Amino acid sequence: MRIGIIGGGAITEGAHLPAVLSSPQVELTALCDVSASRLRYLRRRFGLGGIALRDYRDVVRRVDAVILALPNGLHAPVGVELLSQGIHVLCEKPLALTRHECEQLCQAARATSSILAVGFVTRFFPSTGLMKQLIESRFLGELQSFDAEFGTPGGWSPLSGYNLARATSGGGVLVVSGSHFLDRMIYLFGDIDVVSHVEDSRGGIEANCRTWFAASVDGRPLQGHLVLSKTHRLANRFRIVGARGTLEVRDGQTRSVTYLPSGSAVRHELTAVALPPADAEPDPFQLQLHDFLHAIRTGAAPRVDGEHATSSVALTERCYAIATPLEEPWCEATLERLARAGPQPAPRAAASRPPAPATAT
């Protein structure tokens, strides 16, 4: 199958190009980016032929499907145009900036019977599937709570810098890091509601946020909590607490789930019976690619389709709609001191009485 990649940024260089070039199921027939220097670099690094293009519209006649790896704000306009022409699209997460844009993408896919898949690659981690199996089998008994946190000083830095403005990214750390966790929560628990959301955006994009959720599993209420940061390191884990113990998946733990039984100091590493050896495990980005190709060939739904991805965008919109400021006393106190220490406005002079009008004699 002929495939193109639109967007030559860091995710394309580090993940999508290696997955495509190592797959026997596809032929890379187009690579598109607005930067000529970036295209030259990628051609040299990966030994690509004459497939580089500067305008995504020129990709259409060369491909059957594309991986859309553009800044978030371009997903909807470019994706709708491609889907409307019958091109299958694997779109990087998040699907779009708003729920309305997501619905436009889904409608364009339905209108031409094209496949729209979304790149939530953590769905292809064996640990994600195993955690869902354990929950559905009631391995933990009655679920009591869930929590997740992910924080790094800095972190993922797109080459274009699109993530520094809400207009092009859709948000800050909640979109960049949190979208994977929101998708996983929906996958594991179904419908999720946002109870409260605090953040430090101050009119820009947030670097830190805390969100509380409410869900229902087997008819019983379930509370959850998410903490995200781009300024400091956190525990970097996803955890579910039940009556019999706790399941935990740490950052980078893609093959197993840790089980901590209640009242025990022993940790158990659980893996699926059919898990291949670590050195033979497929790359998750290639698994995602092959799932996309299978959907195209068979008409089956991809693991994460447009409708599923719309749910996480709607959840993000809900968070931002009810957001309140994160308490930062160190900031408020500093701003107050600066205001007191700065030059004080000069006192206003008393207004002089206007002269009495002259009268003719």
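Please read these numbers as outputs of a predicted model, since none were measured by experiment.
- Checking Thr310 against Glu103 by side-chain atom types alone, no donor-acceptor pair falls below 3.5 Å.
- Rounded to the nearest 0.5 Å, atoms OG (Ser169) and CG (Leu97) are 7.5 Å apart.
- Scanning both residues, Ala295 and Ala300, for their nearest heavy atoms gives CB-O, 3.1 Å.
- Trp212 and Phe189 are assigned to two separate hydrophobic clusters, defined by single-linkage of ILVMFWY side chains at heavy-atom distances under 4.5 Å.
- Shortest non-hydrogen contact noted between Tyr320 and Gly171 is OH-CA, 3.3 Å.
- The hydrophobic cluster containing Val227, built from Ile/Leu/Val/Met/Phe/Trp/Tyr side-chain heavy atoms closer than 4.5 Å, also comprises Leu234.
- Applying the salt bridge (charged side-chain N to carboxylate O under 4.0 Å, His left out) rule to Arg267 yields the partners Glu248; only residues at least two apart in sequence or on another chain are considered.
- No donor-acceptor pair under 3.5 Å is formed between the side chain of Arg2 and the backbone N or O of Thr29.
- Taking both residues in full, the closest heavy atoms of Val194 and Cys319 are given as CG2-SG, 3.8 Å, listed atom of the first, atom of the second, then distance.
- Atom NE2 in His268 sits 13.0 Å away from atom OG in Ser256 (nearest 0.5 Å).
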Checklist entry - Can you list the steps and then say if Arg250 with Asn236 is a side chain to side chain contact (heavy atoms under 4.5 Å, CB included)? => result CA-CA 6 Å; Arg250 300 177 300 278; Asn236 297 348; over 6 Å; no

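- Note: the hydrophobic cluster containing Val195 does not contain Val241 (ILVMFWY, side chain heavy atoms under 4.5 Å, direct or indirect links).
- Listed by first then second residue, pairs satisfying salt bridge (Lys or Arg N to Asp or Glu O under 4.0 Å) with a partner in residues 6-34 read Glu13-Arg38, Glu13-Arg45, not counting sequence neighbours.
- No donor-acceptor pair under 3.5 Å is formed between the side chain of Ser127 and the backbone N or O of Val257.
- Side chains of Thr112 and Gln85: a donor-acceptor N/O pair is absent below 3.5 angstrom, by distance only.
- Through direct or indirect side-chain contacts shorter than 4.5 Å among Ile, Leu, Val, Met, Phe, Trp and Tyr, Leu105 is connected to Ile6, Leu53, Tyr56, Val59, Val60, Val63, Val66, Leu68, Leu70, Leu74, Val78, Val80, Leu82, Leu83, Ile87, Val89, Leu95, Leu116, Val118, Phe120, Val304.
- His75 places a side-chain N or O within 3.5 Å of a backbone atom of Pro94 that can act as its donor or acceptor partner.
- Nearest heavy atoms, Lys230 versus Asn208: N-OD1, 4.2 Å.
- A pairwise comparison of heavy atoms in Ala96 and Val313 identifies O-CG2, 3.7 Å as the closest pair.
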Item to check | Pair Ile186-Ser312, side chain to side chain contact (heavy atoms under 4.5 Å, CB included): steps then yes or no | outcome: CA-CA 7 Å; Ile186 295 168; Ser312 61; 4.1 Å; yes

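- Judged by distance alone, the side chain of Arg62 and the main-chain N or O of Ala30 form no donor-acceptor pair under 3.5 Å.
- Shown here are the ring-ring contact (aromatic ring centres under 6.0 Å, His included) partners of Phe124, two or more places apart in sequence or in another chain: there are none.
- Between the side chains of Thr258 and Glu269, at least one donor-acceptor pair of N or O atoms lies under 3.5 Å.
- Distance alone, capped at 3.5 Å, places no donor-acceptor pair between the Arg123 side chain and the Tyr187 backbone.
- Taking CD1 from Ile240 and CD from Gln144, the interatomic distance works out to 12.0 Å, rounded to the nearest 0.5 Å.
- Applying the side chain to side chain donor-acceptor pair (under 3.5 Å) criterion to Asp291, with sequence neighbours excluded, gives no partner residue.
- Arg166 CZ: more than 12 foreign heavy atoms inside a 6.0 Å radius.
- Residues Met185 and Leu226 meet the side-chain proximity criterion, which asks for heavy atoms closer than 4.5 Å.
- A donor-acceptor pair under 3.5 Å links the side-chain atoms of Ser262 to the main chain of Gly245, judged by distance alone.
- Listed here is the closest heavy atom pair of Thr128 and Thr122: OG1-O, 2.7 Å.
- Under the 3.5 Å distance criterion, the side-chain polar atoms of Arg220 are left unmatched by any main-chain donor or acceptor of Leu143.
- Chaining together hydrophobic side chains whose heavy atoms lie under 4.5 Å apart leaves Leu164 on its own.
- Using modelled atom types, no side-chain atom of Glu336 and backbone atom of Ala333 make a donor-acceptor pair closer than 3.5 Å.
- Salt-bridge formation is not detected for the pair Glu149/Arg239: no Lys NZ or Arg NE/NH1/NH2 atom is positioned less than 4.0 Å from an Asp or Glu carboxylate oxygen.
- The other residues sharing a hydrophobic cluster with Ile296 are Met1, Ile3, Ile5, Leu17, Val20, Leu21, Val26, Leu28, Leu31, Leu39, Tyr41, Leu42, Phe46, Leu48, Ile51, Ile67, Leu90, Ile115, Leu289, Phe292, Leu293, where clustering joins ILVMFWY side chains under 4.5 Å apart.
- The distance from the CZ atom of Phe181 to the CG atom of Asp147 is 10.5 Å, given to the nearest 0.5 Å.
- A donor and an acceptor atom, one from each side chain of Thr211 and His225, are nowhere located under 3.5 Å apart.
- Residue pairs meeting the salt bridge (Lys or Arg N to Asp or Glu O under 4.0 Å) criterion with at least one member in residues 272-284, sequence neighbours excluded, are Arg255-Glu281.
- The side chain to side chain donor-acceptor pair (under 3.5 Å) test applied to Asp58 returns no partner, not counting sequence neighbours.
- Applying the ring-ring contact (aromatic ring centres under 6.0 Å, His included) rule to His294 yields no partners; only residues at least two apart in sequence or on another chain are considered.
- Remark: side-chain polar atoms of Arg318 are not paired, donor with acceptor, to backbone N or O of Asp193 under 3.5 angstrom.
- Between the side chain of Asp191 and the backbone N or O of Ala215, no donor-acceptor pair lies under 3.5 Å.
- Taking the side chain to side chain donor-acceptor pair (under 3.5 Å) definition, one finds that Ser179 meets it with Lys93, sequence neighbours left out.
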Next on the checklist: Before you tell me yes or no, could you show the steps for Phe139 and Leu270 under side chain to side chain contact (heavy atoms under 4.5 Å, CB included), namely the whole-Å CA-CA distance, both residues' side-chain angles and the distance that decides it to 0.1 Å?
Outcome noted: CA-CA 12 Å; Phe139 180 81; Leu270 308 179; 4.0 Å; yes

Item to check | Test log, rule salt bridge (Lys or Arg N to Asp or Glu O under 4.0 Å), inputs Glu328 and Arg202 | outcome: CA-CA 11 Å; Glu328 298 177 295; Arg202 295 177 177 264; 3.1 Å; yes

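- One finds the CD atom of Glu199 at 9.0 Å from the CG atom of Leu326 (value rounded to the nearest 0.5 Å).
- The closest side-chain donor-acceptor pair between Arg297 and Gln25 falls under 3.5 angstrom.
- Rounding to the nearest 0.5 Å places CZ of Phe238 at 13.5 Å from CG of Asp251.
- For His308, the NE2 atom sits in a loose shell: 12 or fewer heavy atoms of surrounding residues, nucleotides or ligands are nearer than 6.0 Å.
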Item to check | Working for side chain to side chain contact (heavy atoms under 4.5 Å, CB included), residues Ser22 and Gln286 | outcome: CA-CA 8 Å; Ser22 61; Gln286 191 168 92; 2.7 Å; yes

